[in-house]
Amino acid sequence: MKTQDIFIKLKEHGYKITPQRQEIINLLAQENRHITVEDIHGQIAARFPNLSVDTVYRNVGILERLNMLDKTDFGDGKGRYKLVGKGGHRHHLICLGCGCSEEVDFCPLDYLDKQQIKDKKFSIERHSFEIFGYCAQCLKKEE
Ligand SMILES: [Zn+2]
Ligand SMILES: [Zn+2]
């Protein structure tokens, strides 16, 4: 997702584009990994000494609710975020070594027998699916 499109969507939902918010979004746009709220705060704190971790949490929450962030958990209980790709939601191959993540352009939901879920009278709103492992570079290092 382009930062410009994110700003437009935020405005549509009545959110102001504050310098802090802009900085958080720019940072997310540069990252090719899923990062934590603490990572974001750590990288911006030097330029915005008054920025609290809570503020970053709030902003990340807003972006997540507007479906602009993909959230995942590496299994350590910490939420990690990455901006979604152009076509909405994306799934990733996530490296447990260096934390890089690569988008895959298929959705496992397409391959599911959705009838079983319909039979339970369950309406699907969203889903998450990530594949964890080691990237080519990390595998090379281990050799
Ligand atoms: Zn790696
Ligand atoms: Zn999907």
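Below, all heavy atoms of this structure are taken into account, side chains as well, without hydrogens, waters or symmetry copies. All values reported here derive from a predicted model rather than from experimental measurement. Both counts, for ligands and for their atoms, begin at 1 and track the order of listing.
Side-chain polar atoms of Asn26 and Gln22 form no donor-acceptor pair below 3.5 angstrom.
The Zn ion (ligand 1) lies under 2.8 Å from an N, O or S atom belonging to Cys95.
Rounded to 10°, the angle formed at the Zn ion (ligand 1) by SG of Cys135 and SG of Cys138 is 110°. The angle subtended at the Zn ion (ligand 2) by NE2 of His127 and NE2 of His91 is 100°, given to the nearest 10°.
Within a 6.0 Å sphere centred on CD of Gln116, other residues, nucleotides and ligands contribute 12 heavy atoms or fewer. The environment of Lys118 atom NZ is sparse: at most 12 non-hydrogen atoms of other residues, nucleotides or ligands sit within 6.0 angstrom.
Atom CG of residue Leu112 and atom CD1 of residue Ile117 lie 5.5 Å apart, to the nearest 0.5 angstrom.
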